[in-house]
Enquirer: 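Sending over a structure as structure tokens; questions will come in a sec.
Just follow the structure's listing: the first ligand is 1, and inside any ligand the first atom is 1.
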Amino acid sequence: MTAVPGNEKSPIAMELARKQKSISVAEFFEKNRHMLGFDSLPRCLITCIKEAVDNSLDACEEASILPDIYIRVRKVDDRLVSIIIEDNGPGIQKDVLPRVFGKLLYGSRFHAIRQSRGQQGIGISAAVLYGQLTSGKPARITSKIDPRLPAYMYELKIDTETNEPRIISERVDEFFTSRGTRIELEMEAAYVRGKQSVLEYLRNTAIVNPHARITFVDPLGEKTTFERASDVLPKQPVEIKPHPRGIELGTLIKMMQSAEHGKLSTFLNSEFAKVGGYTAENICKEASIDPSADPVELAKDIDAVKRLMAAFQKIKVMAPPKDCLSPITEDLLKKGVVQNHRVDFIATSSRPVNASRGNPFLVEALIAYGGDIQPEGRIDIVRFANRVPLMYQQGACAITHAIERINWKHYNLEQSKGAKLPSGPIMIMVHVASTNVPFTSESKDAIADVPELIDEVELAVRQAARELSRFLSEQKKAGEARKKIKLFEAYTKEVAQALEDLTGKPASVVEAKLTDALNKKYAKFIEDAALPETPVKDGGA
Ligand SMILES: Nc1ncnc2c1ncn2[C@@H]1O[C@H](COP(=O)(O)OP(=O)(O)OP(=O)(O)O)[C@@H](O)[C@H]1O
């Protein structure tokens, strides 16, 4: 028998082996912070504020509290800015607080199948890491979990070698009177105005979170408050089991390996959403597997697992439950837009729940046209994932790709030859709500081109676009009719006079009859012409 090789040594291999060492996740992101959205200086500011605001909104909703969030940005010097984000949420327990802010990949949402803004457990600790890296200063966090209890304050940094929090100081804070959490960071960043700015991010956040009040104070001390458009909290999404549709092989094997039920049919029935006893039996039959087979043993047979996967696609399983998702709803989407814009036309659509990789998702879309929307005639695409505005990488996002698949000429819009997008005073807004949004990277800028998802976005946008198409075609007809009316009116007097000469009937009578005939023929358009300049035409859903 030949000995298994492994103990041989060579100087080069030994040298290389000496250099091998594990890397802490904090060290990795310290070197690759662009992956988390920390690249340009304006963007670093948005990323930090976004991470904190997303967490505040998540925490408030989980605790059934109407969010009241305060954000302040101040210039420290030419290079540094300080930021404060304060919420009225449930606060954070003292024993977990240092790890929430001082440890990457630590959070409460990674394992839950339920819609939330946070998914990875990276966001806020990455902001702390960026702050300490560029300013050398610790983050200061103050939190209070009960108005009757004192607030406590921590100053902390992340030890990048161990990915553990390093507490610099801690004390009770008697001045922090209300319940909630305040984060103070200092960092290298730049405050800018325009489309990709903190203010724009907050404006869009307010549109899709109409139940939140958001107050922002900019570096010049100017205060902007986005008031609530609704006093009703969105329904709290419930945690669910994975849906069999689109589940991945590795995930299924992992689930089977840790199955607590001795029978495959019981395992299917208890570990998946919408799989009842009857459906479980049918799946086993389709996969030619004994329903009483042990899932742990079966996990070792890759062919059997593949057959099971195929059966998941073949056997009809009811659509995933909707209560794990929190759609904005068409009404509130419209309300949010109309509160911020003057529009000539608005239509919304919403798709039924679908599933991708075992995760339920749904798509909502809105199209607004005319008024103060993009007066220069360039389309505006506004993207949201789980009620969070996506500000960067529009070109790499499944939402944009779905819009680009549509031939917009069919919808009465202009689209130049070879152009991927239509032109016109149009805004297309899309919200993807999912228990796990498939982002292209950890910075959560763009949604990956997952086929089921891109199809649903396209269907939702097309649905609203059909309403727009009808409106534009009516507008075109009305425009033509108005032209005719004007032309007719310009010559009525002359025509009446000519008819008086020909027929002997008084011109005034003929003119009145002609005007009457005109009014009858174009009644609808004459009414439209009398409407105010920019009526909101609600296309409905
Ligand atoms: N303001 C807050 N109030 C209450 N809990 C909070 C607050 N901020 C953060 N947390 C808690 O800290 C955890 C970690 O937050 P972090 O931003 O690092 O990750 P996440 O939001 O779960 O995921 P992601 O990395 O995708 O943003 C959250 O899961 C939440 O439980």
Enquirer: Do Arg245 and Glu452 meet the salt-bridge criterion of a basic N to acidic O distance under 4.0 Å?
Expert: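 No salt bridge links Glu452 with Arg245.
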
Enquirer: Of all the non-hydrogen atoms in the protein, which one sits nearest to atom 19 (O) of ligand 1, and at what distance?
Expert: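 Ranking protein heavy atoms by distance from atom 19 (O) of ligand 1, first comes Gly121 CA, 3.1 Å.
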
Enquirer: Under a 3.5 Å distance rule, please check whether Gln132 uses its side chain to pair with a backbone N or O of Ile158 as donor and acceptor.
Expert: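 Answer holds: yes.
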
Enquirer: Going by side-chain hydrogen bond (donor to acceptor under 3.5 Å, both in side chains), Ser56 matches just one of Asp87, Asn88, Thr181. Which one?
Expert: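 The side-chain hydrogen bond (donor to acceptor under 3.5 Å, both in side chains) with Ser56 is passed solely by Asp87 among Asp87, Asn88, Thr181.
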
Enquirer: Should Arg387 and Asp58 count as an ion pair when the cut-off is N to O under 4.0 Å?
Expert: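 Looking at Asp58 together with Arg387, the answer is no, because their closest N to O distance does not fall below 4.0 Å.
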
Enquirer: Looking at non-hydrogen atoms alone, which of Ala52, Ala59, Ser125 comes nearest to atom 4 (C) of ligand 1?
Expert: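 Comparing heavy atoms across Ala52, Ala59, Ser125, the nearest one to atom 4 (C) of ligand 1 lies in Ala59.
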
Enquirer: Just verifying a value: how many Å separate Phe439 CZ and Gln120 CD, rounded to the nearest 0.5 Å?
Expert: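 Reported to 0.5 Å precision, the distance equals 8.0 Å.
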
Enquirer: If hydrogens are left out, which of Asn88, Ile92, Ile183, Thr181 has an atom nearest to atom 7 (C) of ligand 1, that is, the closest non-hydrogen atom?
Expert: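 That would be Ile92.
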
Enquirer: Among all protein heavy atoms, pick the one closest to atom 31 (O) of ligand 1 and tell me residue, atom and distance.
Expert: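 For atom 31 (O) of ligand 1, the nearest protein heavy atom comes out as Ser108 OG, 2.6 Å.
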
Enquirer: For ligand 1, which atoms sit closer than 4.0 Å to a heavy atom of Gln120?
Expert: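 It comes down to these atoms of ligand 1: 23 (O), 24 (P), 25 (O), 26 (O).
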
Enquirer: Is NZ or CZ of Arg43 both nearer than 6.0 Å to the six-membered ring centre of Tyr392 and within 45° of the ring axis?
Expert: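 Pair Arg43/Tyr392 counts as cation-pi.
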
Enquirer: Quick check: Gly123 and ligand 1, any N/O pair under 3.5 Å apart?
Expert: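 So ligand 1 has an N or O lying under 3.5 Å from an N or O of Gly123.
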
Enquirer: Among all the protein's non-hydrogen atoms, which is closest to atom 28 (C) of ligand 1, and how far away is it?
Expert: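 Answer for atom 28 (C) of ligand 1: Arg109 NH1, 3.4 Å.
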
Enquirer: Looking at Glu51, which atoms of ligand 1 are within less than 4.0 Å of one of its heavy atoms?
Expert: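 In order of number, 27 (O).
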
Enquirer: Have a look at ligand 1 and work out which part of Asp54, if any, has a heavy atom under 4.0 Å from it: side chain, backbone, both or neither.
Expert: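 Neither part.
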
Enquirer: Closer than 4.0 Å to some heavy atom of Ile124 - which atoms of ligand 1 meet that?
Expert: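 In order of numbering, the contacting atoms are 15 (O), 16 (P), 17 (O), 18 (O).
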
Enquirer: Looking only at protein heavy atoms, identify the closest one to atom 12 (O) of ligand 1 and say how far it is in Å.
Expert: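 Protein heavy atom at minimum distance: Val100 CG1, 3.1 Å.
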
Enquirer: Should Glu271 and Lys241 count as an ion pair when the cut-off is N to O under 4.0 Å?
Expert: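 Judged by the 4.0 Å cut-off on N to carboxylate O distance, Glu271 and Lys241 do not form a salt bridge.
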
Enquirer: Which atoms of ligand 1 have any heavy atom of Gly107 under 4.0 Å away?
Expert: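 Those qualifying, in numeric order: 13 (C), 14 (C), 29 (O).
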
Enquirer: Give a yes/no on ligand 1: does Glu442 have at least one heavy atom closer than 4.0 angstrom to it?
Expert: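 No.
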
Enquirer: Applying salt bridge (Lys or Arg N to Asp or Glu O under 4.0 Å), name anything that partners Glu30, two or more places apart in sequence or on another chain.
Expert: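 So Glu30 forms no salt bridge (Lys or Arg N to Asp or Glu O under 4.0 Å) with any residue.
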
Enquirer: Can you name the one residue among Arg193, Arg74, Lys75 that meets salt bridge (charged side-chain N to carboxylate O under 4.0 Å, His left out) with Asp218?
Expert: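 Per the salt bridge (charged side-chain N to carboxylate O under 4.0 Å, His left out) rule, the option paired with Asp218 is Arg193, out of Arg193, Arg74, Lys75.
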
Enquirer: For Phe272 and Phe312, what are the C-alpha separation, side-chain angles and deciding distance, and is it a side chain to side chain contact (heavy atoms under 4.5 Å, CB included)?
Expert: CA-CA 11 Å; Phe272 286 95; Phe312 282 166; 4.2 Å; yes

Enquirer: What is the closest protein heavy atom to atom 1 (N) of ligand 1, and at what distance does it sit?
Expert: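 Here the nearest protein heavy atom works out to Asp87 OD2, 2.9 Å.
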
Enquirer: Quick one: which ligand 1 atoms are inside 4.0 Å of a heavy atom on Tyr106?
Expert: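 Checking each atom against Tyr106, I get 14 (C).
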
Enquirer: Output yes when Arg114 and Glu62 qualify as a salt bridge under the 4.0 Å nitrogen-oxygen rule, no when they do not.
Expert: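 Judged by the 4.0 Å cut-off on N to carboxylate O distance, Arg114 and Glu62 do form a salt bridge.
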
Enquirer: Out of all atoms in ligand 1, which are within 4.0 Å of some heavy atom of Gly118? Include the element for each.
Expert: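 Every atom of ligand 1 under 4.0 Å from some heavy atom of Gly118: 20 (P), 21 (O), 23 (O), 24 (P), 26 (O), 27 (O).
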
Enquirer: What residue and heavy atom of the protein are closest to atom 21 (O) of ligand 1, and at what distance?
Expert: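 Its nearest protein heavy-atom neighbour is Asn55 OD1, 2.8 Å.
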
Enquirer: Find all atoms of ligand 1 within a distance of less than 4.0 Å from any non-hydrogen atom belonging to Lys444, and give their numbers and elements.
Expert: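 Close to Lys444: 24 (P), 26 (O), 27 (O).
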
